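Comments concern the structure below.
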2 protein chains.
Amino acid sequence: MESNNSTGSQPSRAKLRAAKRRAVLEAGARLFNDQGFEQTSLEEIAAAVSVTKRTLYYYVDSKEDILFGCHTLGLEFLGEIMDQSQDPSLPVTERIALLIRGYCAWVSTDLGATIAMVREHSLSHLRRTELRASKAEVDFQLRSLISQGIDEGVLRPCDPRLVTAAVFGALNWIPHWNRVEVPVPHGAIAEQYLQLVFEGMLPPSAR
Amino acid sequence: MESNNSTGSQPSRAKLRAAKRRAVLEAGARLFNDQGFEQTSLEEIAAAVSVTKRTLYYYVDSKEDILFGCHTLGLEFLGEIMDQSQDPSLPVTERIALLIRGYCAWVSTDLGATIAMVREHSLSHLRRTELRASKAEVDFQLRSLISQGIDEGVLRPCDPRLVTAAVFGALNWIPHWNRVEVPVPHGAIAEQYLQLVFEGMLPPSAR
DNA sequence: GAATGATGTAACCGGTGAGTGTAATTACGG
DNA sequence: CCGTAATTACACTCACCGGTTACATCATTC
């Protein structure tokens, strides 16, 4: 009944369905990022995946569902990145670098950028809360790493909360200026940001 | 005809009118920042300044006019800040600090935050271009200061474009997390950001 | 106290877009 | 080859909202 090739190459209907749903989410993400959530109609999303609006409702429940789907799917990927930076065998600074590089790459994707580009009020109260919790987790992780670095003496004493805000601000802003025909590669951005965050702009001689 | 007390304390009609228009703009800015531009109806703005929608039209031409008015008025204030940081008698680092502090304070106001919070697609093409030009000016100023600092040897070699993007990203993100009941004072944010940008997180010992 | 400025009342028009119901059609799996 | 999943066509409801106008009224100023 539940079909055989659950791991096979022949995509079962369920798999195809999931893939199509994801295509919808990604098309939605791109359009939301480009034009904003409320400025994007379901017809546009439907056109982007070459189906009719009615068919969209075969894969999603509502427009909001698309946005929220973008977030959940996006956060899934971000979760993997966060896991990497949690390896306790790595030095704190390296873990911070890992997190920043990963987040930078992630926020450069359509799905990742959605969280930085689409305001929360487009979501219902419940989902907004849920989303905020996820964001807080990521925030907390960097903050913890910084605190730990300070404790270990490998980082200068500072306010981890504000520094975290600064770092994520810089990162979240990337899609706002780098969604152009020839974007700056996210690797280059990450390295430059890392240098800034760790060493600042002043030359070693100045202190 | 043109009335007397142009500088007097009795507000002439023109002055009152300007003040009320500004009240409209500021109410609009607050609502736009909180709920988004398209989610805000003219009725809400009208209610915020305790008039009817009809009266709004006495002071503005359209909804878009309100948004654009926020931007122009906001940019006016920002212009003053930018002027201060252009004093060539000051050392480059001091001018950068001035710019960051000023921008930080500015983006913490309703009018200033609008530029960081409201996406551009809410504006007509023409005005969007105009706004982008203004933003580019500010961007250019910081970038120039950084370039100059590198040339003078007071700053470490780096990509001024990316560093500028990082700094403004961090600054523009402030209203996204600090619009709460008890916000972090913008002065504290600025100092923390300045320290980060200039000296980084690594202690002097680490280099 | 007349003229003009300022504001309120109360509609109307036009457009838009989310979401639904239905029936018909095509593709595919067992 | 039958049944079900997938999809279309399409019309239609429902609600909202922005822009605008016509008219009346209150307030200020000269």
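The model shown is predicted, which means the values in this text are computed figures rather than measured ones. In what follows, every chain begins at residue 1, and chains take the letters A, B, ... in the order their sequences are listed.
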What is the distance from CG of L31(A) to P of dA18(C), rounded to the nearest Å?
12 Å
Would you say the side chains of E38(B) and S122(B) form a donor-acceptor pair under 3.5 Å?
yes
Starting at CG of L67(A) and ending at P of dA18(C), how long is that distance when rounded to a whole Å?
13 Å
Any side-chain N or O of Y58(B) less than 4.0 Å from the OP1 or OP2 oxygen of dT7(C)?
no
Interatomic distance, I66(A) CD1 vs dG19(C) C1' [rounded to whole Å]:
12 Å
If we check side chain to side chain contact (heavy atoms under 4.5 Å, CB included) with F77(A), which of these qualifies: L75(A), I81(A), L73(A)?
L73(A)
Whichever of K53(B) and S50(B) has the more 5' nearest nucleotide on DNA chain C, that residue is S50(B)
Tell me the interatomic distance from F37(B), atom CZ, to dC17(D), atom C1', rounded to whole angstroms.
12 Å
Mind checking T52(B) for me? I need base, sugar-phosphate or nothing, with any heavy atom below 4.0 Å counting as a touch.
base
Could you state the atom-to-atom distance from CD of E43(B) to P of dT20(D) in whole Å?
14 Å
From the list dG18(D), dT8(D), dG8(C), which nucleotide is the closest neighbour of the side chain of R54(A)?
dT8(D)
Could you tell me the separation between the CG atom of L42(A) and the P atom of dT16(C), rounded to a whole number of Å?
16 Å
Relative to each other, are the rings of H71(A) and F68(A) parallel, tilted or perpendicular (30° and 60° limits)?
perpendicular
Counting heavy atoms from C-beta on, name the nucleotide in dG19(D), dA6(C), dA5(D) closest to the side chain of Y59(B).
dA6(C)
When the distance from CG of D65(A) to P of dA18(C) is rounded to whole Å, what number comes out?
14 Å
Would you please confirm or rule out a distance under 4.0 Å between OP1 or OP2 of dT7(C) and any side-chain N or O of T55(B)?
no
Looking at D139(B) and R143(B), is there a salt bridge between them, counting it only when a charged N and a carboxylate O are closer than 4.0 Å?
yes
Nearest to side-chain heavy atoms of K20(B), which nucleotide of dT20(D), dA6(D), dT7(C):
dT7(C)
Name the closest nucleotide to the K63(B) side chain, picking from dG8(C), dG19(D), dA6(D).
dG19(D)
Minimal non-hydrogen separation, E199(B) against L202(A), with atom names
CG-CD1, 4.2 Å
Rounding to a whole Å, what distance do you find between I45(A):CD1 and dG19(C):P?
10 Å
Proximal nucleotide (of dT20(D), dA5(D), dT20(C)) relative to the Y57(B) side chain:
dT20(D)
